[in-house]
Visitor: 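Here you go, one structure.
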Amino acid sequence: MRIFHLSAECYPIAKVGGLADVVGALPKYQNLAGLQAAVVMPFYDRKFTQENEFDTVFQASTLLGTRRLYFEILKEKTDKLGFELYLVKIPGLIDRVEVYQYPDETEQFIAFQIAFLDWISYSQQSPDIIHCHDHHSGLVPFLLQHSKLYTRLANTPTVLTIHNGQYHGSFGWDKLFYLPEIDLSKTGLLDWGGAINPLASAVKCCWRYTTVSPTYLRELSISSNGLEYLFYLEGAKGQGIINGIDTDVWDPNKDPMIPNKFSIKQITKGKQANKEALCSRFDLSPDKPLISFIGRLVGEKGADLLPAAMEESFNEHPGGFNFLVLGAGEKDTETELLELKAFYPEQCNVFIGYDEALAHLIYAGSDFLLMPSRVEPCGLNQLYAMRYGTLPMVRSTGGLIDTVIDFGDEGGYGIRYNHASVEDICHAVTRALSLYGNTKHTQFLCKLMMALDFSWDRSAKEYIDLYKSLNPTL
Ligand code: ADP
Ligand code: GLC
């Protein structure tokens, strides 16, 4: 079974968030299960592309409106990631450093999709499934079915996975001419709210869509930045499949990014040694409970609530715990967090930026990981935290509901709260500190969490079953 995953991100080539982790792991586990899964993504001028060797497997030119684009498809020579990796390179348009936020992002992602389709069409490939991730490849299901150029591929089953329904990639109808020749009677399939909306079009035209957790599937018809009614209408095509984690990359017993490796048996010693390394780097006392936050500093993650919630908690529990942040994002939140650090230098430290190795150390060396998310389609941070014996403190939303059970409930291990509010975060901190005071209970919960299985094995199989349901000959 030949599958193409289309994505803007893929670890370790280019990562902004969890999308990269999923696309860097799922195909590997699908291949172990006997599929032939490959990843196709835009070319980025980054460490991975500079340090690895590629073959040019295809070269051609195509049109983006009236602009002729020369493109090549590069394949990583060794398949060392556990899957074939193909990069679409278009000099001057898709050969830059960053993944997002260029003013011509619309042109970049349309060109990426056209180049992919031209490549598989001209090179006479017949994938069994095309699996699109988020809006960046959302026009592919429409183009396959309604552009004359790709008639040969019109019956190829398409799957869309929605990692984040807040972003749609919308653009104005004045850019319709960027698309290759299409059946103009079908343009309604591109439209949502008077604009060309790639995510909405993908939901309408894909054969099936999945969300990265079952709860998020339900939430999309209540809140999805204007697509609620569409999700209500198309709900029968949807399925929630919880993400897994790459247990080769995220293994506290082998992780090269942490100074002290540990298994479940040495959890107490192992975590303490990593905590000491982490605290010494950030001038914090390793004898106090350490609550950390890792992530994009944006409203979706509830990051704006952190400064006020932590100030209130520091006052409520003077000298009672430490707080560490790793993240970057909205400038106001960054500034407020740095002010918090200046006010409470002995209890708080903040690292503004992106640092993969530091994230691993924080998962390994913290006691608690705070996630006050307003929206969390799945969330991988809590899964990494649990694998590293760190108790998640999460708001009850999306995938956090599906993966964390409050320790007060039967079989529970984490801390959950209902509202993305300062009050609820403070209450969660109080509960965390009283739990921490009970060493035996905490150790029991940490061991319980480390033994949980969030590997890709089960979820990769769910995707395979889904593919088979679309193509019974497979
Ligand atoms: P999202 O994709 O919405 O950002 P996820 O929880 O799915 O959230 O995944 C976030 C991923 O990005 C995790 O692998 C997390 O460790 C990583 N991450 C987020 N911010 C940073 C950062 N500042 N430095 C290092 N890793 C980060
Ligand atoms: C998105 C979501 C996050 C999810 C990730 C991977 O970035 O915000 O919750 O874990 O995709 O699916």
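Counting convention: from 1, in listed order, for ligands and their atoms alike. The structure displayed is predicted, hence computed values, not measured ones. FYI, side chains are in, hydrogens and waters are out, and symmetry mates aren't considered; it's all heavy atoms of this structure.
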Visitor: If you measure from each heavy atom of Tyr384 to ligand 1, is any distance below 4.0 Å?
Guide: yes
Visitor: From Cys10 SG over to Tyr44 OH, what is the distance, rounded to the nearest 0.5 angstrom?
Guide: 10.0 Å
Visitor: Any sub-3.5 Å donor-acceptor pair from Arg387's side-chain atoms to Trp250's backbone N or O?
Guide: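 Side chain of Arg387 to backbone of Trp250: a pair is present.
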Visitor: What residue and heavy atom of the protein are closest to atom 22 (C) of ligand 1, and at what distance?
Guide: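 For atom 22 (C) of ligand 1, the nearest protein heavy atom comes out as Tyr354 CD1, 3.4 Å.
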Visitor: For ligand 2, does Val212 get within less than 4.0 Å through its side chain, its backbone, both, or neither, judged by non-hydrogen atoms?
Guide: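 Contact part for Val212 vs ligand 2: side chain (C-beta onward).
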Visitor: Any Lys/Arg nitrogen of Lys204 or Asp191 sitting under 4.0 Å from an Asp/Glu carboxylate oxygen of the other?
Guide: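 The answer is no: the pair does not qualify as a salt bridge.
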Visitor: Mark up the atoms of ligand 1 that fall under 4.0 Å of a heavy atom belonging to Asp355, in ascending order.
Guide: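 Numbered from 1, ligand 1 contributes 24 (N), 25 (C).
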Visitor: Using a 4.0 Å cut-off to any heavy atom of Ala359, which atoms of ligand 1 qualify?
Guide: 25 (C), 26 (N)
Visitor: Of the backbone atoms (N, CA, C, O) and the side-chain heavy atoms from C-beta on, which set of Val375 has a member under 4.0 Å from an atom of ligand 2: side chain, backbone, both, or neither?
Guide: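 Answer for Val375: neither.
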Visitor: Hey, does Gly353 come in under 3.5 Å of ligand 1, counting only N/O atoms on both sides?
Guide: yes
Visitor: Could you list which atoms of ligand 2 come closer than 4.0 Å to a heavy atom of Val22?
Guide: 6 (C), 12 (O)
Visitor: Can you tell me if Lys15 contacts ligand 1 (heavy atom of the residue under 4.0 Å from the ligand)?
Guide: yes
Visitor: Nearest protein heavy-atom contact for atom 9 (O) of ligand 2: which residue, which atom, what distance?
Guide: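 For atom 9 (O) of ligand 2, the nearest protein heavy atom comes out as Glu376 OE2, 2.5 Å.
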Visitor: Distance alone, cut at 3.5 Å: any donor-acceptor contact between the side chains of Glu9 and His133?
Guide: no
Visitor: Side-chain donor-acceptor pair under 3.5 Å between Arg218 and Thr215, yes or no?
Guide: yes
Visitor: Determine, using heavy atoms of Phe351 and all atoms of ligand 1, whether some pair is separated by less than 4.0 Å.
Guide: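 Heavy atoms of Phe351 never come under 4.0 Å of ligand 1.
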Visitor: Pick one of side chain, backbone, both or neither for how Asp21 approaches ligand 1, counting any non-hydrogen atom pair under 4.0 Å.
Guide: side chain
Visitor: Please say whether Tyr363 places an N or O atom under 3.5 Å from an N or O atom belonging to ligand 1.
Guide: yes
Visitor: Looking at residues at least two apart in the chain, or sitting in another chain, which of them share a ring-ring contact (aromatic ring centres under 6.0 Å, His included) with Tyr344?
Guide: Phe314
Visitor: Are Gln239 and Leu466 side-chain neighbours, meaning at least one heavy-atom pair lies under 4.5 Å?
Guide: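 Result yes, sub-4.5 Å side-chain heavy-atom pair found.
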Visitor: Please work out which of the three classes, parallel, tilted or perpendicular, describes the rings of Phe48 and Phe54, given edges at 30° and 60°.
Guide: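 Answer is perpendicular, since the angle exceeds 60°.
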Visitor: In terms of atom number and element, which parts of ligand 1 are under 4.0 angstrom from non-hydrogen atoms of Arg296?
Guide: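 Atoms satisfying the 4.0 Å criterion: 1 (P), 3 (O), 4 (O).
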Visitor: Taking only heavy atoms of Gly327, which atoms of ligand 1 are found under 4.0 Å from at least one of them?
Guide: 23 (N)
Visitor: May I ask whether Cys378 places a heavy atom under 4.0 Å from ligand 1?
Guide: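 No, Cys378 has no heavy atom closer than 4.0 Å to ligand 1.
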Visitor: Is there a polar contact between ligand 1 and Gly18, counting only N or O atoms under 3.5 Å apart?
Guide: yes
Visitor: Measure the CZ-OG1 distance between Arg416 and Thr403 for me, rounded to the nearest 0.5 Å.
Guide: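 Separation between the atoms: 8.5 Å.
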Visitor: Based purely on interatomic distance, does Leu380 place a nitrogen or oxygen under 3.5 Å from a nitrogen or oxygen of ligand 1?
Guide: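 Yes, there is a polar N/O contact under 3.5 Å.
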Visitor: Would you call Lys175 and Glu107 a salt bridge, using N to O less than 4.0 angstrom?
Guide: yes
Visitor: Quick one: does Lys301 get within less than 4.0 Å of ligand 1, heavy atoms only?
Guide: yes
Visitor: Which ligand 1 atoms are under 4.0 Å away from a heavy-atom of Gly17?
Guide: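 Those qualifying, in numeric order: 2 (O), 4 (O), 11 (C), 12 (O).
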Visitor: Using a strict cut-off of 4.0 Å, indicate which atoms of ligand 1 neighbour a heavy atom of Gly295.
Guide: 19 (C), 20 (N)
Visitor: Considering residues at least two apart in sequence or located in another chain, which fulfil the ring-ring contact (aromatic ring centres under 6.0 Å, His included) criterion with Phe112?
Guide: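 Scan of Phe112 (ring-ring contact (aromatic ring centres under 6.0 Å, His included), adjacent residues dropped) gives none.
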Visitor: Quick check with a 6.0 Å cut-off and a 45 degree axis cone: is Arg96 positioned over the face of Tyr102's six-membered ring?
Guide: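 Satisfied, under 6.0 Å and within 45°.
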Visitor: Give the residue, atom name and distance (to 0.1 Å) of the protein heavy atom nearest atom 10 (O) of ligand 2.
Guide: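 I find the closest protein heavy atom is Gly379 N, 2.8 Å.
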Visitor: Can you measure from CD (Glu105) to CZ (Phe171) and round to the nearest 0.5 angstrom?
Guide: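 Answer rounded to 0.5 Å: 11.5 Å.
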Visitor: Nearest non-hydrogen atom to atom 5 (C) of ligand 2 belongs to which of Pro377, Cys378, Gly18?
Guide: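 Of the listed residues, Gly18 has the closest heavy atom.
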Visitor: If the threshold is 4.0 Å, N to carboxylate O, is there a salt bridge linking Arg2 and Glu84?
Guide: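 So Arg2 pairs with Glu84 through a salt bridge.
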Visitor: Could an N or O of ligand 1 be found under 3.5 Å from any N or O of Asn381, whether backbone or side chain?
Guide: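 N/O-N/O distance below 3.5 Å exists for this pair.
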Visitor: Suppose we measure from atom 11 (O) of ligand 2 to each protein heavy atom; which comes out shortest, and what is that distance?
Guide: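 The protein heavy atom lying closest is His163 CB, 3.3 Å.
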Visitor: With a 3.5 Å distance limit and no angle check, can you tell me whether Asn381 reaches the backbone of Ile294 through a side-chain donor-acceptor pair?
Guide: yes
